[in-house]
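Count residues from 1 along the sequence. What you see is a predicted model, and the numbers here were worked out from it, not measured in a lab.
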Amino acid sequence: MQHLDSQFAGHRISSDPDLVDIGVVHDYLSNHSYWAAGRSRDVVATSIAHSALVVGAYTQDGSQVGFARMVSDLATFAWLADVFVLEAHRGRGLGRAIVKFAVEHPDMVKLQRQVLATADAHSLYADFGFVPLEQSERWMVRPGGSPSS
């Protein structure tokens, strides 16, 4: 995976996984998000370690203030997940910059399909070409755990 950096409004946006502050990401996901409430630190760390691309947004002093990750086979498919910007840094376009960085990363833009799920940011993602699923009757989900035998 090619690690890239860019600048946006005084923030560093980077795909270097060594920069990710697991504590910040875990706190936000577990305590402040609707989609990952209660997620354990170990699960957050494992999800980051096994994602094809992680994107962090950092202040000039290196503090992490935003995050996103792409789960991918790097050949056909990617899932954009866990996108957030800490409240004190919202309203300046940083979330859009993180999404743009992730979906336009050279290792992601070549893929046949990128997907995501959101309850409240449809218009943000539509600006990057995401549309509701066509033929949603073809898609299925298997909730966590295995079926009883």
Taking [X] for the side chain and [Y] for the main chain, is one N or O donor matched with an acceptor at less than 3.5 Å?
X: Q114; Y: L116; answer: no
X: S14; Y: G56; answer: no
X: H26; Y: R39; answer: yes

Let me confirm one number: the [atom1]-[atom2] distance from [X] to [Y], rounded to the nearest 0.5 Å.
X: D42; Y: S40; atom1: CG; atom2: OG; result: 5.0 Å
X: S6; Y: E104; atom1: OG; atom2: CD; result: 10.5 Å
X: K100; Y: D127; atom1: NZ; atom2: CG; result: 11.5 Å

Shared hydrophobic cluster, [X] / [Y] (ILVMFWY, side-chain heavy atoms < 4.5 Å):
X: L111; Y: F77; answer: no
X: L80; Y: Y34; answer: yes
X: M70; Y: F128; answer: yes
X: W79; Y: F130; answer: no
X: V115; Y: M108; answer: no

Requested in this report: Kindly indicate, with the supporting measurements, whether the criterion side chain to side chain donor-acceptor pair (under 3.5 Å) is fulfilled by D61 and S63.
Outcome: CA-CA 6 Å; D61 71 1; S63 299; 2.8 Å; yes

If the plane angle is over 60° it's perpendicular, under 30° parallel, otherwise tilted; pick one for W35 and Y28.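 Tilted, since the angle between the ring planes falls between 30° and 60°.
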
How close do [X] and [Y] get, counting heavy atoms only, and between which atoms?
X: P143; Y: V141; answer: CD-O, 3.5 Å
X: Y125; Y: V83; answer: OH-CB, 3.5 Å
X: V65; Y: H89; answer: CG1-NE2, 3.3 Å
X: L29; Y: V44; answer: CD1-CG2, 4.2 Å
X: I13; Y: A97; answer: CD1-CB, 3.6 Å
X: F67; Y: I98; answer: N-CD1, 3.9 Å

Item to complete: Could you list all the salt bridge (charged side-chain N to carboxylate O under 4.0 Å, His left out) pairs where at least one residue sits in residues 13-29, not counting sequence neighbours?
Response: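 Listed once each, the pairs would be none.
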
Q. If you count the non-hydrogen atoms of other residues, nucleotides and ligands that lie under 6.0 Å from CD in E134, is the total more than 12?
A.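 Counting neighbours around CD of E134, 12 or fewer heavy atoms of other residues, nucleotides or ligands fall under 6.0 Å, so no.
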
| message | Working note: F84 + L86, criterion side-chain contact (heavy atoms from CB on, under 4.5 Å); need CA distance, chi angles, decisive distance, verdict. | response | CA-CA 7 Å; F84 73 84; L86 297 180; 3.9 Å; yes

Partner set under side-chain hydrogen bond (donor to acceptor under 3.5 Å, both in side chains) for H122, not counting sequence neighbours:
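Checked H122 against side-chain hydrogen bond (donor to acceptor under 3.5 Å, both in side chains); zero matches.
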
By the definition side chain to side chain contact (heavy atoms under 4.5 Å, CB included), identify the one residue from V25, D82, V43 that meets it with I48.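 Exactly one candidate clears the test, V25.
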
Side chain to side chain contact (heavy atoms under 4.5 Å, CB included) with P17: of L53, V54, V55, only one passes, and it is V54

P106 versus L4: any side-chain heavy-atom pair under 4.5 Å?
yes

- Task: Decide yes or no for R41 and I22: does some side-chain heavy atom of the first lie under 4.5 Å from some side-chain heavy atom of the second?
- Result: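 Answer yes - side chains close enough.
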
Quiz prompt | Candidate pair T76 and R113, rule side-chain contact (heavy atoms from CB on, under 4.5 Å), full reasoning | solution = CA-CA 6 Å; T76 63; R113 180 172 288 118; over 6 Å; no

By salt bridge (charged side-chain N to carboxylate O under 4.0 Å, His left out), E87 pairs with (sequence neighbours left out) R90

Report the C-alpha distance between Q60 and H11 in whole Å, list the side-chain angles of each, state the deciding distance to 0.1 Å, and finish with yes or no for side-chain contact (heavy atoms from CB on, under 4.5 Å).
CA-CA 6 Å; Q60 290 182 356; H11 293 85; over 6 Å; no

